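Remarks on the structure that follows.
Just so we're clear, the structure is a prediction, and the values are computed from it rather than from any experiment.
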Amino acid sequence: MAPLIVLEACRTGGGLERRGDTGAGKRLVGIKKMRRWVLAIAILAAACFFLGAQAQEVQQGHQTERISGSAGDVLEDDPVGRLKVYVYDLPSKYNKKLLKKDPRCLNHMFAAEIFMHRFLLSSAVRTFNPEEADWFYTPVYTTCDLTPSGLPLPFKSPRMMRSAIELIATKWPYWNRSEGADHFFVTPHDFGACFHYQEEKAIGRGILPLLQRATLVQTFGQKNHVCLKDGSITIPPYAPPQKMQAHLIPPDTPRSIFVYFRGLFYDTSNDPEGGYYARGARASVWENFKNNPLFDISTDHPPTYYEDMQRAVFCLCPLGWAPWSPRLVEAVVFGCIPVIIADDIVLPFADAIPWEEIGVFVAEEDVPKLDSILTSIPTDVILRKQRLLANPSMKQAMLFPQPAQAGDAFHQILNGLARKLPHGENVFLKPGERALNWTAGPPTAIIILASSPPFPSPPRVALLPPPPRSLLGFRRARWKGGEVWGVRTMPLRLSSAAAAVALALLLAATALEEVARGQDTERIEGSAGDVLEDDPVGRLKVYVYELPTKYNKKMVAKDSRCLSHMFAAEIFMHRFLLSSAIRTLNPEEADWFYTPVYTTCDLTPWGHPLPFKSPRIMRSAIQFISSRWPYWNRTQGADHFFVVPHDFGACFHYQEEKAIERGILPLLRRATLVQTFGQKDHVCLKEGSITIPPYAPPQKMKTHLVPPETPRSIFVYFRGLFYDTANDPEGGYYARGARASVWENFKNNPLFDISTDHPPTYYEDMQRSIFCLCPLGWAPWSPRLVEAVVFGCIPVIIADDIVLPFADAIPWDEIGVFVAEDDVPKLDTILTSIPMDVILRKQRLLANPSMKQAMLFPQPAQPGDAFHQILNGLGRKLPHPKSVYLDPGQKVLNWTQGPVGDLKPW
C-alpha cells in the first residue's frame, strides 16, 4: 500500500501548498519549507508505482486493451471494396509544382493534403473510370504557399481552389451534376476551408461558398462553429512518422514525469494585451503551475522532446489559436495520456477513436484546478487509459505513414467516406439546377489565379565612372557620349554578376589606393568634426534621482536579458550618469534632472519587451519624485529628461496605430524625451526630443572586426524580415510594403545579397559590403543603422520622414543614401548610378572614428560616444527659457488624463 499512500500525498500536496502559503498554522512551517522535496519524492514513488503496476499487467498479458465496436472493430475496418475514388488529373501548378518549388511543405503539420494525394494515386480504392466512382478527389495543395520563414499563408488558397473547381467543372461533367456533393477536399488549414489562421477573420470569411456541398476533410473541428460544416471528417494534423519512430525508447522506461508540456503560453506578437490567445487557457497553465514540481512545462523545445513525452504520464494538449495541434498525435503515439483543454473541440475520427476512454478533458475555466483534477484520477483509470493507448491500432490511426499501412489515417479517412455511402437522393441535381453561387465570397477570393508568376526581368546595371587611373586591366569605352569602364575579357554590357564583381574589385582597389595616400578618413567641420567631438563636461550638470530599486536595478536582477536587447540604452545611460563628471549631488545647482526608470525591462519568456506596464511604472516614478523633491513641481518636468527607447517612444506601444491612439504619456508632455523613435510630424515625437541610436553590443561587434584591407565584395546586403505574417497576414502594412518590395524585386538579382537568414558571419558580411539596406519595419528605426555605420557599410535608408540619431551633429546626407519607399523598385538603378567619387567619400567619412563612436554606448564610456552626444544635445538646450518655470501653484499637466489602464497603481 505504500505507493498508494505516496499517490495520496501527491493529491493533497496542492492543498498543503496553498495552506502553507497563507500561513494558517505554525505547525506546518517545517513542512512548508520541504514541500517541494516531498512532492518530488512523491512523483518518483508514483512513477515507480505506475511502472510496477504496468510490469505486472504485462506479465499477465493485459498490457493492451481494445474496445469492440470502436477502437477495436471500427479502427481496423478495411475500406477496400466499400468505395471507389476517382482522382482528378490536374495541371501540376495546383500540386506537384508547388511542392517542387518549396519541399518544406512535406514537413509541416498541414502536409496531410500532399500525402493523401500520393496515397490515393496508388490505392486499391482508386478507379480510373469516373462513371463507377463513389467519390471524386481534387488534389489542390492549398497550404503549400510558404513565407521565407516557412509559415503557410492561406491568402491565395481561395483563388487556387476556385480555379481548380472551375477547371474540373469545365473539363468533366461530374462536378456539375452534384455541384460537389460527391466530391471531397482535404483542407488542413487552421480553420479549414475558411482559409484564414485568425479566428475572427476566418469566421468573417466563412467556408468558401463553392465548397458548401462538398465533404471537407480537415484538421479543424469545433462544435457549432461556422468553419466546421455538417458531415466534415476531422483528421489529425501531420506528424512525421519516421522521425517519431527514430526517437522511440524502450517500452519499460519509467514514466517519471507527471505532467508535460512544451509550447507557447503567450503569443505577444498577435495578442499583446493577453487573454485572447488560447482564450487565456495556456496563460493560466503557466501562471498557476510554473513553480509546481508536478508540472514539467516550458517554452523550450528540447532535442529530447519526443523522449520526454514517453517518460510522461499526462501530456497537456491545450488549444492555441485553433483548438487542434500536433501534440494530440504525439501524445497518442507515445502513450502519454492526452489532457485536452479545448472546449467544444471535435477530435479526429471521433466516430472511431474512444477519446473519452483514452484522454482527460478539462474545461478551459477549470485550468487552475488542473493539479487537483489529475492527481485525483484513480490509479485503475490511469492504467486502463495507458493500456488503450498501447493498442497499435490507436497509434496507427493518427499517422500518415509512407508507405501506407492498414488502419492508418489514410484508411480512417476512407472509412469515414465509406460510412457516408450510399449517397442520398439530394446529392444529385436535376438538369440545369444550380445550388451554389459562383460569385459569393470576398472579392479577393474571386480574382483569377495566375498560371505562374511573371519571370523577373533582368536588372538594369549602370556602369560607374572611371577611377583616377587605370586599375586591374579595366579599359575605357564610349557609350552614348559618356565614359564607362569595361573589362577586356568581357563584353561591354556586363552581366549583373560580372558587374558586381568588377565593381567590388574597383572599389576595393581604389580604396586601398586612397589609404596609401593617407586619405582614408574625412571629417566635416562644424558637424561630424567639431560637434561630434564636443565635450559636455563643464557645460551642464545633471542630478540623478535616487529611486527605489524596483524601478531599475531590481528589474535587471530579475531578468538580465534586458542588458542585451536593442532597448538597453536606458540601463547604460543610468550607469554612465552615476559616475559621470557632469553629475551633481546638489539638486539646487542642476541644469537637468534624470529619473532612472527601466520601462523596457518587462520581458516575455522569449525576451520581447512588453510596454503595457510602462505607463504605470513611469507614472508611479513621477508621483514618487514629485512627492519627495520639489523640482518636478516647479517646472512640471520641463527641466527633466527621460530615456524612453520603446518602438514608438513614450507612446508606449509597439503597434503604430495603438501608439498613435495612446499618444505620448500626458505626464511627459513638458519633459525632454531621449528616444530611438524619430519620424517627422508624428504624434509620438514631440518637439525638442533627442533622437538616439538603439543599443548594439560594442564588445560583441568588436570581436567580429575583420582586417581593414578586406575587399567589399558584396554590393547590397540585408538580413531580416520581408513580411511579418504573424502581425500583418494580408501584407502591405508591415514596413508600408517597402521590405516586401525589396524581396519581390531583387530576390533573384545577383547584386543583392538579401535573405531572412541571420548567419553567424552577419557582422563580417556587413564589413564586406558596399551598401547595407536599412528599411523601416514596424517602426522606422532598427539596429542595422548602427551596425552599418560602425562597419563602414553605406546605409541605404528606406523610411520616409525618418528623424535620424543626433541629426543635428551627424551628416546623414553625406554618409548615407536616402531612397523613398515608393522608389524601392528602382533601387538597383539608384545605387549603381551613384558616382565612384561619391561612394569613396561616403566611405572615408564612415571611416572617421568619431562617426562610429557616436553610435555606440560602450562600457566604460569613451569621449564622443552616444552618452556624450546625448549630453551635448541637452547642453545645446541651455540655458532654460523662463517659460520652463511655473508660477507657485500653477498646474499645466492633467494627472488623470490617459487610458484607464494607465491610471492603475503599479
Measure centre to centre between the rings of [X] and [Y], then say whether the value is under 6.0 Å.
X    : Y    : result
Y141 : H117 : yes
Y276 : W321 : yes
Y238 : F110 : no
F410 : F119 : yes

In Å, rounded to the nearest 0.5 Å, how long is the span from [atom1] of [X] to [atom2] of [Y]?
X    : Y    : atom1 : atom2 : result
T299 : H301 : OG1   : NE2   : 11.0 Å
R213 : K229 : CZ    : NZ    : 9.0 Å
K369 : S376 : NZ    : OG    : 10.5 Å
T143 : E113 : OG1   : CD    : 3.5 Å
Y137 : F185 : OH    : CZ    : 9.5 Å
D366 : I341 : CG    : CD1   : 10.0 Å

Short question: side chain of [X], backbone of [Y] - any donor-acceptor pair under 3.5 Å?
X    : Y    : value
R126 : L121 : yes
K395 : A390 : no
N95  : P139 : yes
S284 : G280 : no
S157 : T142 : yes
Q310 : I249 : yes
Q405 : Q396 : no
E364 : D343 : yes
R255 : M309 : yes
Q218 : V186 : no

**Message:** Apply side-chain contact (heavy atoms from CB on, under 4.5 Å) to residues T725 and Y197 and explain how you reach the verdict.
**Reply:** CA-CA 10 Å; T725 54; Y197 58 82; 4.2 Å; yes
**Request:** For atom CD of E200, decide whether the heavy atoms of other residues, nucleotides or ligands shown that lie under 6.0 angstrom number more than 12.
**Result:** no
**Prompt:** Is it true that atom CG of N129 has more than 12 heavy atoms of other residues, nucleotides or ligands lying nearer than 6.0 Å?
**Reply:** yes
Are the side chains of [X] and [Y] in touch, meaning some heavy atoms are under 4.5 Å apart?
X    : Y    : value
V85  : F184 : yes
W324 : M109 : yes
T375 : F258 : yes
K420 : T215 : yes
K385 : V360 : yes
L228 : Q222 : no
T253 : P250 : yes
V125 : L417 : no

Could you report the tightest heavy-atom contact between [X] and [Y], atom names first, then the distance?
X    : Y    : value
A239 : L399 : O-CD2, 4.1 Å
Y723 : A740 : CE2-CB, 3.5 Å
L414 : S123 : CD1-OG, 4.4 Å
P323 : F220 : CD-CE1, 3.6 Å
C105 : I114 : O-CD1, 3.5 Å
K97  : K93  : CB-CA, 3.9 Å

**Item:** Under 3.5 Å side-chain donor-acceptor pair for T138 and Y94
**Value:** no
**Request:** Answer yes if the side chains of S393 and N391 hold a donor-acceptor pair under 3.5 Å, and no otherwise.
**Result:** yes
**Item:** Trace of the side-chain contact (heavy atoms from CB on, under 4.5 Å) decision for D308 with D296
**Value:** CA-CA 10 Å; D308 292 344; D296 186 349; 5.6 Å; no
**Asked** Stepwise, does the salt bridge (charged side-chain N to carboxylate O under 4.0 Å, His left out) test hold for R282 with D267?
**Response** CA-CA 10 Å; R282 293 200 189 196; D267 185 347; over 6 Å; no
**Prompt:** Would V362 and L316 satisfy side-chain contact (heavy atoms from CB on, under 4.5 Å), going step by step from the backbone distance to the final call?
**Reply:** CA-CA 10 Å; V362 176; L316 301 187; over 6 Å; no
**Prompt:** Got a sec, which residues hit salt bridge (charged side-chain N to carboxylate O under 4.0 Å, His left out) with D89, two or more places apart in sequence or on another chain?
**Reply:** none
**Request:** Please work out which of the three classes, parallel, tilted or perpendicular, describes the rings of W172 and Y86, given edges at 30° and 60°.
**Result:** perpendicular
**Item:** Electrostatic pair R82-D134, nearest N-O below 4.0 angstrom
**Value:** no
**Item:** ring-ring contact (aromatic ring centres under 6.0 Å, His included) between F115 and F400, intermediate numbers included
**Value:** CA-CA 7 Å; F115 293 111; F400 296 88; 7.8 Å; no
**Item:** The single option from I207, L216, L208 passing side-chain contact (heavy atoms from CB on, under 4.5 Å) against T187
**Value:** L216
Identify every side-chain donor-acceptor pair in residues 326-338 under 3.5 Å, counting partners at least two apart or on other chains, and give the distances.
| from | atom 1 | to | atom 2 | distance (Å) |
| --- | --- | --- | --- | --- |
| R327 | NE | R262 | O | 3.2 |
| R327 | NH1 | S325 | OG | 3.3 |
| R327 | NH2 | R262 | O | 3.1 |
| E330 | OE1 | Y305 | OH | 2.7 |

**Message:** Checking M116 against I235 for the side-chain contact (heavy atoms from CB on, under 4.5 Å) test, could you report, in this order, the C-alpha distance in whole Å, the side-chain angles of both residues, the deciding distance, and whether it holds?
**Reply:** CA-CA 11 Å; M116 188 67 190; I235 64 172; over 6 Å; no
